[in-house]
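Written below as structure tokens is the structure these notes are about.
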Amino acid sequence: MIYDFRKIEEKWQREWAQRGTFKAENHSDRPKFYVLDMFPYPSGAGLHVGHPLGYIASDIYARYKRHKGFNVLHPMGYDSFGLPAEQYAIQTGQHPAITTETNINRYREQLDRIGFSFDWSREVRTSDPEYYKWTQWIFIQLFGSWYNKDSDRAEDIEGLIAHFERDGNENVHAVCDADVVPFSAGEWNSFTAIEQQEILLKYRLTYLAETEVNWCSALGTVLANDEIVNGVSERGGHPVIRKKMTQWSMRISAYAQRLLDDLQGLDWPQPLKDSQTNWIGRSEGASVSFKVLPFTNGEERTIEVFTTRPDTIFGVSFMTLAPEHELVAKITTAQQRAEVEAYVEATAKRSERDRMADVKSVTGAFTGAYVEHPFTKKPVPVWIGDYVLAGYGTGAVMSVPCGDQRDHDFATHFNLPIPNIFEGVDVSTEAFSDKDGAVIANSDFLNGLPYKKAVKVAIAELEKLGQGMGKVNFRLRDAVFSRQRYWGEPFPVFYVDGMPQMIDPSHLPVKLPEVEKYLPTETGEPPLGNATVWAWDSENNKVVENALIDGKTIFPLELNTMPGWAGSSFYFNRYMDPHNDGELFSKDAINYWQDVDLYIGGSEHATGHLLYARFWQKFLFDKGMVPRGEFAKKLINQGMITGTSAFVYRLNVKFVIKYTLSSFSERLVQQYNLTGVGEAFQDGELGSNFLFSRDLKDIDILKFKENYPQLEEKLVKYILEIIPKAPIDNIEAINQFNVSVTTKEISFTPIHADVLFVNSSDELDTKAFKKWRPEYANAEFITESDGSFKVGREVEKMSKSKYNVVSPDSICAEYGADSLRLYEMFLGPLEQSKPWNTAGITGAHGFLKKLWRLYHSGPADGFYVSAGEPSAESWKTLHRTIKKVETDIGNFSFNTSVSSFMICVNELASQKCHHRAILEPLAILVSPYAPHISEELWQLLGHTESIATAPFPLFEGKYLVESSKEYPISFNGKMRFKLELPADLSPAEIEAAVMANEQTLVQLGGRTPKKVIVVPGKIVNIVG
RNA sequence: GCUCGAGUGGUGGAAUUGGUAGACACGUUGGACUUAAAAUCCAAUGGACAUUAGUCCGUGCGGGUUCAAGUCCCGCCUCGAGUACCA
């Protein structure tokens, strides 16, 4: 009876769906286990074999946990808002909701074929109004909260208002805008409502503020820092510049310290934690304020700087501000104004990418202003320079050229003094930035102190002056939360007198309006401005169309939408109770499921999704809505499956054309610098129409001429056909030339061939290739000596543009989902990146056939297991496998457990084991990996219930007890032979037995060993 | 530049706490079955030398510790990932 995987897989996928086998209950006596995958963005390209890798691993784990008696939550959904759907809409006019729906259906079809045990009844889609209702709801909660540094958590804004009414903002320690001015209770109460709202906005956890943003004009939107890679947009690679715009921001910076601290307790990959630590970028130092000179008409200005080296304060010889620093315009002297303004303008125009590409060149300008050194009271010149970043610290630095290389470069370039404050160090050519090697000198009260002490003393002295204090600074900046896009969550916000108002949660969701154009409007307004009327009727509490904004009952709505990460920052909680219309999730559900036990996804989300999601989780935790401050206990980054691209090699040729002139004019002589000789030469280069097989491409011009004389002739002919006939465009002159071509140099350009046209022996279907690339329709394929045309191979990222995509559907069709699952796991360690090679799948497929045969090789055709007692050998094989598989799953070492299955089946087959006592537990062991075949065998074994919840076989050590051990006997550490000895011998007995052995005597050749090492149960080493 | 991670056969990769290097699979070669192919099964497969027995070499390179090193220590090399003027 053959293993008909198509029938079996289709049958069980249908059965599971009908029976609701994997539906998780929110109430259970069994312990809970939550296994989560990062939900995909449903792109138009569909899945390739790299995508399901993590899903397969998590599915194995989820199935294993079900066998172990857990109530498993294993949901799946779609992160379905985002740029590509919208870009597609702009190009084709198709509504993103429609293309998204199509893509989701395709994804679902592909996922279903792989046999995942997802509980689809809990599916969420971020673009579904029933879902984004809650994204909007959380936004409202954030708006209604402020961060209290004293309690170190987010609190309701009402409490803050009460405090203002009672005591003003004195003694309020909030994480908020730096430019909040102090006010008393009396002042607060006398402020207008709008003034009060303006002040409160500076405290809220999400706030509207004019900030420096990353503006990408090609995408027509702002981008978050993690959406920019190497100075260009992550999507599309468009240039990005810094620009001031009024935007919604999220005060993630309030949580910087907690986000850092709580990493400690997470079982996440170290590289991922490192990159979050890096991104948060905590640094300890001091803030120092410098007074701006002179103190005219009583107006005293100071410039704040942050430094990690307050100990070097006596080395300050100038100060540098970021060109965007707000004081630049105010302190620049009339004399320097023109230069400074020109510099500021020039830097503002530069894109991020230009700036990054140009790190080495030093630029800047002198403002003409001076500040006073806090200790020496000497004037310090103030410069601006773009090496100082506006967004970090205060956007100003105290420049210590002897201790900081960038300051040193700047000083050298502009000829500024470089005072030395280190004992016995030469700083004339290079700054001395080694903290621990330094003893401070020329620094008044810091003289003779080492780094750490000097820092302490300097801070203490600054505090005495009231001009500084110890400070911790973070690199992490607040996250810009608005996007000028259509396909995202609308804000639940309308504006009254220019101040943002939250729509009452009872009226959510605020649904996206229909628009005709998805591009931002000409005026730079977001696409929602394209809706005929997109306004809020505050009387009837609804979005209205075709009504005039009157500022009384009809108000303008926020036109921006939320960024992609909004919907993904809490979806793991929503899965717990996805259809709850009255709450984000019920108390019962969240208290039962608590948090994610295992989260699997890509490492590219390290500083985006995974940081934002932790932030929102902490916020919900502060508000008492979730019981855990971290949402995922354990996280694994699956590696990438790379593609194996195929190449053909196009012959390129460098050639010389010789023009022999029968007669030539004075003009030609001049134009081509002819020296009176009747010849002119011109070099040329072109790609030919000849495609070479891979092993032929390592050939030089001499060999080429020798090996392919006819080809060279053709090539010359080809060149003659397509090059201009004469070095001038005078038609009449052509006849005066005799043209000949000599090939001079050849090279090969690799050209992608679609892997679909390549068989397992790397041979290319040249007909299919020609049809696919019409520009090579007339190309000549130069084959190997055996007549085959072979492609070259190279490992690259799997992508459509590289024509190396292998789809899971084609694998499922040819080998089955179980084969795909096994093979993906078998490829190598989960976390590692590894190349896909379709040829290898026969190994996994062959294993499944052998497994099937194990249950089908009785006396008659068909299913067969026997009763009775299996051999000791078979018991040993089974229990060794149970043990191995359990430890492997525990270590997420799925590749090694697949090989242990292979070993097990190979052994059982050679033992001719047909015993139910062995084959029944074996089916369960294999079931997490290859669920379809296991279900089928389980049913054939006579079970009516699904195998999914069958208890995992218990390991029993008694089956592995050995009566003897085959000892490797080594001499000076080199294994020479093996010796079977009883397992219960003492070391002395082992030694005696080994020394008495014939082979030992041969090895020793009469010498007496110096020492014999016996490790019972392991090895014997004879040192001679 | 900085921070991580990794280098093992033709290929993907195994190797418990320092204890038989190369499990398992792909590929290759040879054989059986077959009219033939597919499928299946059997055997060989790190390199060199050797008729066999066997010997020597071998986990990126150079040292070291140890009875014993892919594994531990020191110094390099190469590749990959992340980050990048963070004061």
Legend entry - Other residues, nucleotides, ligands: >12 heavy atoms within 6.0 Å of A/K273 NZ: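 Yes - once you tally the heavy atoms of other residues, nucleotides and ligands closer than 6.0 Å, there are more than 12.
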Inset, instruction - For A/M995, look at atom CE and say whether over 12 heavy atoms of other residues, nucleotides or ligands are found less than 6.0 Å away. - result: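 Counting neighbours around CE of A/M995, more than 12 heavy atoms of other residues, nucleotides or ligands fall under 6.0 Å, so yes.
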Once you apply a heavy-atom cut-off of 4.0 Å, does [X] come out as touching a base, just sugar-phosphate, or nothing?
{"X": "A/L827", "result": "sugar-phosphate"}
{"X": "A/T887", "result": "nothing"}
{"X": "A/R853", "result": "sugar-phosphate"}
{"X": "A/I1013", "result": "base"}
{"X": "A/N906", "result": "sugar-phosphate"}
{"X": "A/K884", "result": "nothing"}
{"X": "A/V388", "result": "base"}
{"X": "A/N473", "result": "nothing"}
{"X": "A/K849", "result": "sugar-phosphate"}
{"X": "A/V1015", "result": "base"}
{"X": "A/Q405", "result": "nothing"}

[X] side chain near [N] phosphate (N/O to OP1/OP2, under 4.0 Å):
{"X": "A/R282", "N": "B/C86", "result": "no"}
{"X": "A/R406", "N": "B/G1", "result": "no"}
{"X": "A/S283", "N": "B/A87", "result": "yes"}
{"X": "A/K1011", "N": "B/C67", "result": "yes"}
{"X": "A/K1018", "N": "B/A68", "result": "no"}

Legend entry - Syn/anti state for B/G9 [syn: chi within 90° of 0]: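 Nucleotide B/G9 adopts syn.
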Legend entry - P atoms of B/G70 and B/U65, separation to the nearest Å: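 Pairwise P distance, B/G70 against B/U65, rounds to 16 Å.
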Inset, instruction - Would you indicate which nucleotide in B/C41, B/C85, B/C24 comes nearest to any side-chain atom of A/K850? - result: B/C41
Inset, instruction - Let me know, please, whether A/R475 or A/G843 comes out on the 5' side of the other along RNA chain B by nearest nucleotide. - result: A/G843
Inset, instruction - Would you mind telling me which residue lines up with the more 5' stretch of RNA chain B, A/N837 or A/K974, judged by nearest nucleotide? - result: A/N837
Indicate the atoms forming the closest heavy-atom contact of [X] with [Y], along with that distance.
{"X": "A/R821", "Y": "A/I60", "value": "NH2-CG1, 4.2 Å"}
{"X": "A/N972", "Y": "A/V1023", "value": "OD1-CA, 3.5 Å"}
{"X": "A/S399", "Y": "A/D407", "value": "CA-OD2, 3.3 Å"}

Legend entry - Base partner of B/A84, which must satisfy Watson-Crick or wobble distances under 3.5 Å: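 B/A84 is paired with nothing.
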